[in-house]
Amino acid sequence: MSPMEVADVPLLDESEPPPQARDRGDAGTRKPLTITLICSLAALTGGYTLGYTSPLHAPASMHVCTSVRGNGTDTGTLPILPGHEHAVDEEAWSTFGALVNLGALIGAIVSTPIMTRWGRRATMIAGQIPIIAGYWIIYGAAGDNALIWLDVGRVLTGVALGINSISVPIYVSEIAPPKIRGALGTVVQLTFVLGVLMAYVAGYLLPQRGETLYRDLAWVGTIIPTVLLFALWCVPLSPRWLLTKGRATDARTALSSLRESGYDVDDEILEVQISIARANAEGKASIAELFSGPTLKALLMLGGLMVYQEFTGEMVVIYYSGKIFATAGIENASLAAVFVSIVQVVVTIFSIPLIDRVGRKPLLYAATIGMFIMFMLLGAIMAEHEEGRSGNKSLAIVAVVGVVGSYSIGLGSIPWLLMSEVFLLKYRGPASTLITVINYAATFVVTKTFHKMLCSPMESSGTFWFYGGVCLAGVAFIKLFVPETKGKTLEEIEAFFTPGPTGQRGLPHGSYRDGARFELMTLQTNEKPEPIYE
């Protein structure tokens, strides 16, 4: 496909005055926020999927390292499947919980071609089908093959998680005005943690019987995806995707529906046209290009940040918060785990205005330093219990809440926000897929190794101190490799990595629209007309 085939869109009226003589108007927040909230329900289902196994897991001691299959020993509230005399054992249930990450790898891989061909909205709609099917398969698991069907259903819910993890943040970043893009990205993370809370609360309120709880939770998990399957048809198509298909009129209509009346969308449309024209002038992304130059730097930076995000250990604290509280001698550990999830939601809400006001890197620093301190405290509390001494129950709650709260203030949402910001348009699809695969692979490793680390000579204290050490090392990584993207448009971030044909970083200053038009004409015709900007 030639640059003309994609970028052959009408140029703006030459008679229109430059921005110095007029104002674009206020893009507003109401419309993009409303659409973001609808789409973010897909992230809520992802949080529910990750939190699904926690209510089914007994809050037994962290120091129990044995698991006996088939004799009903040490299983607590683990499910008793129809057709089975005893509950699922610890190892099988650990595998069931981790399989969601393998499903997410598959979902991340298939999402890119769907997004490219059929668009972001169609991809989000498609993502609801495997989660509905997966939960109904889990609901019906019974008989000799019940464990197999449980695993199949868990993988399918993971496929949906992977699809939504890519399509929702990219769609939101493409419809958001630059000044609130970070805040809207945090809204996606907020709904994700609300989904985790929803699973905890549902597990606490539903009847606590192993033979029915896993089915009741699966049934609840189908409700929101079923609603989304129809509601997502009401959201507009991505203007950026429409422009890649040469549908400039449709893109203007879609963008106008996402902005307040009186806002002039033409400059915004022109910026995206230039971005697309640049990408097409360079041709399709190749594997060699993906792993070279500035794209390789962005891949290494974000891939490292995703691995770091998971190896800080916050996810296992969420998974096993009930066990941690039980080990500390706290009664009603399940209710305490619900409290931790509530704190995660509150802190995420608190971080929304900060992400565009304070910036990405300061929040990352605050998150990593806070987690380091709290993991050191949590390790010390566990060391006291390993020595047979009674630890401080209040400090145990403070430590767990501190880990989760510190993570939620920045490390939970910012890596996903950066994924939608730092890659050039032509690499954004495949690069986002690769980064998401890295994230879920790291999550799978952390989830599967956590119990083994507890049962190693490290024990629980050494395990949490290890996570604290990872947090401390992350401060240096953020300082050296993570860029600050606060307040920049996607086109400005792209221009930072690749100067345009005019030889400038970013769009020309001075007569902005004339300069932008000149660059677009250059890209479309491969000829250099007389400069028309100052």
Side-chain angles (χ1 to χ4, degrees), residues 33-56 79 96-97 99-101 103-104 106-108 110-111 114-115 118-142 146 149-172 175 187-207 212-238 341 345:
L33 176 59
T34 301
I35 298 300
T36 297
L37 289 173
I38 294 173
C39 297
S40 293
L41 290 176
L44 185 143
T45 65
Y48 184 89
T49 296
L50 285 184
Y52 170 83
T53 56
S54 294
L56 298 168
F96 173 79
L99 279 175
V100 69
N101 299 298
I106 300 171
V110 303
S111 65
I114 298 175
M115 279 197 303
W118 288 294
R120 282 60 163 146
R121 185 180 72 180
T123 307
M124 290 187 291
I125 293 171
Q128 308 317 306
I129 298 173
I131 194 169
I132 295 171
Y135 276 127
W136 280 119
I137 289 173
I138 292 172
Y139 182 88
W149 286 114
L150 275 177
D151 290 345
V152 170
R154 186 65 169 168
V155 169
L156 284 174
T157 60
V159 170
L161 176 62
I163 291 174
N164 293 328
S165 293
I166 290 183
S167 59
V168 174
I170 287 180
Y171 177 82
V172 169
I175 69 167
V187 168
V188 176
Q189 174 66 14
L190 171 62
T191 54
F192 183 87
V193 298
L194 279 171
V196 176
L197 175 60
M198 178 179 166
Y200 277 50
V201 171
Y204 181 74
L205 295 179
L206 289 170
T212 62
L213 182 57
Y214 80 99
R215 284 183 157 182
D216 294 339
L217 287 171
W219 181 85
V220 171
T222 66
I223 297 174
I224 293 178
T226 302
V227 173
L228 273 177
L229 199 57
F230 301 97
L232 285 171
W233 288 101
C234 300
V235 307
L237 297 172
S238 164
S341 189
V345 171

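Numbers for residues simply follow the sequence, beginning at 1.
- Pairing each heavy atom of Met124 with each of Cys39, the nearest pair is CE-SG, 3.8 Å.
- Panel note: side chain Tyr48, backbone Leu194; no donor-acceptor pair is recorded below 3.5 Å.
- Rounded to the nearest 0.5 angstrom, Thr45 OG1 and Leu50 CG are separated by 10.0 Å.
- Leu41 places none of its side-chain heavy atoms less than 4.5 Å from the side chain of Thr191.
- Closest heavy-atom contact between Leu217 and Ala202: CD2-CB, 3.7 Å.
- One finds the CG atom of Asp216 at 5.0 Å from the CG atom of Leu206 (value rounded to the nearest 0.5 Å).
- Atom OG1 of residue Thr222 and atom CD1 of residue Ile138 lie 11.0 Å apart, to the nearest 0.5 angstrom.
- For the atom pair CD1 of Ile170 and CD1 of Ile175, the computed distance is 13.0 Å after rounding to the nearest 0.5 Å.
- The closest donor-acceptor contact from the side chain of Tyr171 to the backbone of Gly119 lies at 3.5 Å or more, if one exists at all.
- Side-chain contact between Leu99 and Leu150: absent, with no pair of heavy atoms (C-beta onward) separated by less than 4.5 Å.
- Two residues are said to be in side-chain contact when any heavy atoms from C-beta on lie closer than 4.5 Å; Asp151 and Phe96 meet this criterion.
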Sequence neighbours left out, cut at 3.5 Å: what donor-acceptor pairs do the side chains of residues 156-169 make with other protein atoms?
{"residue": "Thr157", "atom": "OG1", "partner": "Arg154", "partner atom": "O", "Å": "2.7"}
{"residue": "Asn164", "atom": "OD1", "partner": "Gln128", "partner atom": "NE2", "Å": "3.4"}
{"residue": "Asn164", "atom": "ND2", "partner": "Ala160", "partner atom": "O", "Å": "3.2"}
{"residue": "Ser165", "atom": "OG", "partner": "Leu161", "partner atom": "O", "Å": "2.7"}
{"residue": "Ser165", "atom": "OG", "partner": "Tyr440", "partner atom": "OH", "Å": "2.5"}
{"residue": "Ser167", "atom": "OG", "partner": "Ile163", "partner atom": "O", "Å": "2.9"}

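- Separation of atoms OG (Ser111) and CZ (Arg120) is listed at 10.0 Å; rounding is to 0.5 Å.
- In this structure, Arg121 contributes its side chain and Val235 its backbone to a donor-acceptor pair below 3.5 Å.
- By the 4.5 Å heavy-atom criterion applied to side chains, Ile125 and Leu229 are counted as neighbours.
- With a 4.5 Å cut-off on side-chain heavy atoms, Ser341 and Val193 do not count as touching.
- Residues that satisfy the side chain to side chain donor-acceptor pair (under 3.5 Å) test with Tyr135, not counting sequence neighbours, are Thr49.
- Listed here is the closest heavy atom pair of Ala42 and Leu228: N-CD1, 3.3 Å.
- The local environment of CH2 in Trp136 is crowded, with over 12 non-hydrogen atoms from other residues, nucleotides or ligands closer than 6.0 Å.
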- Message: Could you go through Met198 and Val220, starting from their C-alpha distance and side-chain angles, then the distance that decides it, and tell me whether this counts as side-chain contact (heavy atoms from CB on, under 4.5 Å)?
- Response: CA-CA 10 Å; Met198 178 179 166; Val220 171; 3.8 Å; yes

